[in-house]
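The basis for the numbers below is simple: all heavy atoms, side chains too, and nothing from hydrogens, waters or symmetry mates. Positions are given from 1, in the same order as the sequence printed here.
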Amino acid sequence: MSFVDKLRGEFVDIIEWLDDSRDTIVWRFPRYQNEIKMGAKLVVRESQTAVFVNEGQVADVFTPGTYTLQTQNLPILTTIKGWKYGFDSPWKAEVYYVNTRQFTDFKWGTQNPVMMRDAEFGVVRLRAFGAYSLRVVDAAKLLRELVGTDPQFRTEEVQEFLRQLIVGHLGSALATAQVPALDLAAQQLVIGQKLAGVLTEELTGYGVQIPKFIIENISLPPEVEEALDKRTSMGVIGNLNAYTTFQAANAMEDAANNPGGGAGEGFGLGLGMAAGQRMANALNQPAPPAAPAGPPPLPQQDQWFAGVNGQQAGPFDLDALGAQVRSGAVTRTTLVWKNGMAQWTQAGQVPELGALFAAVPPPLPPQG
């Protein structure tokens with residue numbers, strides 16, 4: 001082997017990448033001071049894109065296929081290099097492989113609850129978690145905006161950034177959905193599809209998209225869930241008296257199951273059976289008829305006022321005013337008034353009070 005042939009053997013002549021990590025988004029082909037020679041084979045498999053970078057500048061991009069690196073396959077890099085040493089000269093352009101398959105192992109969740117206004121509960125705090133998938137759609141943008149010179153760009157390096165972006169849009173998505181908190185579970189798929197579109201538009205400048213966004217669960221605070229559980233339990237129980245009797249029967253049966261001798265067991269079993277019988281009777285007994293309604297309240301009597309000895313006296317109902325007439329405190333000439341009268345009037349001139357004076361003799365005529 002001549003020295004020239006040995007030197008040519010140091011040049012890279014096969015460029016390929018077999019990913020076995022399952023979490024690598026971008027991988028830089030290692031040259032180890034070797035140069036890529038003209039005529040080398042470039043293998044780009046399905047779900048891969050190869051990007052040539054020369055002195056920090058993105059040059060040519062290759063989609064899946066097998067290529068022989070010649071000037072016709074490297075138009076941009078050929079223009080940059082000029083090939084002043086001939087078309088067989090090697091070069092040291094960097095090759096980045098970009099994984100374009102869907103990465104489905106991304107998880108998200110809210111570290112702090114999201115506030116929203118609910119029509120039924122008022123202001124509530126919600127927590128949520130789920131998963132989403134990520135796909136690279138523009139390898140050149142991804143290298144410029146996120147990867148830089150990283151030789152192995154992994155999913156964990158971008159996961160926290162994406163999680164913060166998701167949480168930032170989650171509150172707006174829940175609020176604009178205008179769905180009650182109790183109905184959010186039925187709308188999780190629709191909200192997830194909406195968020196996938198919003199996030200994809202947000203990430204356009206980074207060369208990635210979110211094909212799938214999944215909301216696994218949206219939960220209320222523990223104290224609210226506990227209150228809802230109690231409310232649900234009351235709805236399931238229905239007849240509280242029957243449920244109480246049933247609980248008492250269970251308690252007696254449990255007591256009978258405790259060790260304490262045959263007599264205690266028999267006594268407890270008997271109590272349990274008796275309580276169970278009472279419960280069955282209570283369940284089978286028809287509901288008592290509703291109590292008849294009582295008479296309506298008595299009508300409100302008029303309240304009378306009288307001018308006695310130059311002072312206002314009262315109020316009197318009609319019976320009390322009659323007692324005043326019989327005692328002589330109120331006479332036919334006494335001024336009286338009640339609500340609805342225009343002015344004070346002598347009692348003898350009020351038709352309603354005529355019956356009060358029927359048994360009272362008129363005053364004696366003057367004695368001559």
**OP:** Give me the ring orientation class for Trp337 and Phe305: parallel if the planes are under 30° apart, tilted from 30 to 60°, perpendicular past 60°.
**Re:** tilted

**OP:** Applying salt bridge (Lys or Arg N to Asp or Glu O under 4.0 Å), run through Arg45 and Glu16 and close with a yes or a no.
**Re:** CA-CA 8 Å; Arg45 291 174 170 80; Glu16 63 179 346; 3.0 Å; yes

**OP:** State the OG1-OH distance between Thr149 and Tyr96, to the nearest 0.5 angstrom.
**Re:** 5.5 Å

Subject >> SB check Arg154 Glu157 (cutoff 4.0 Å) >> reply: no

Original post:
So, the side chain of Asn54 versus the backbone of Gln57: is there a donor-acceptor pair under 3.5 Å, distance only?
Top reply: no

Original post:
Does Asp317 reach the main-chain N or O of Gln303 with its side chain, forming a donor-acceptor pair under 3.5 Å?
Top reply: no

Pairs of donor and acceptor atoms involving the side chains of residues 179-199, under 3.5 Å and at least two apart or interchain, shall be tabulated with distances.
residue : atom : partner : partner atom : Å
Gln188  : NE2  : Ile215  : O            : 2.9
Lys194  : NZ   : Thr176  : OG1          : 3.0

**OP:** Indicate the atoms forming the closest heavy-atom contact of Leu318 with Trp304, along with that distance.
**Re:** CD1-NE1, 3.9 Å

**OP:** Give the minimum heavy-atom separation between Lys107 and Gln159, together with the two atoms involved.
**Re:** N-NE2, 3.5 Å

Subject >> Residue of the set Gln209, Arg101, Lys212, Gln102 for which side-chain hydrogen bond (donor to acceptor under 3.5 Å, both in side chains) holds with Ser133 >> reply: Gln102

Original post:
Going by atom types alone, do Thr66 and Lys41 pair a side-chain donor with an acceptor below 3.5 Å?
Top reply: no

Subject >> Short side-chain donor-acceptor distance under 3.5 Å, Gln346 and Thr333 >> reply: no

Original post:
For Glu94, does its backbone N or O pair with a side-chain atom of Arg28 as donor and acceptor, under 3.5 Å?
Top reply: no

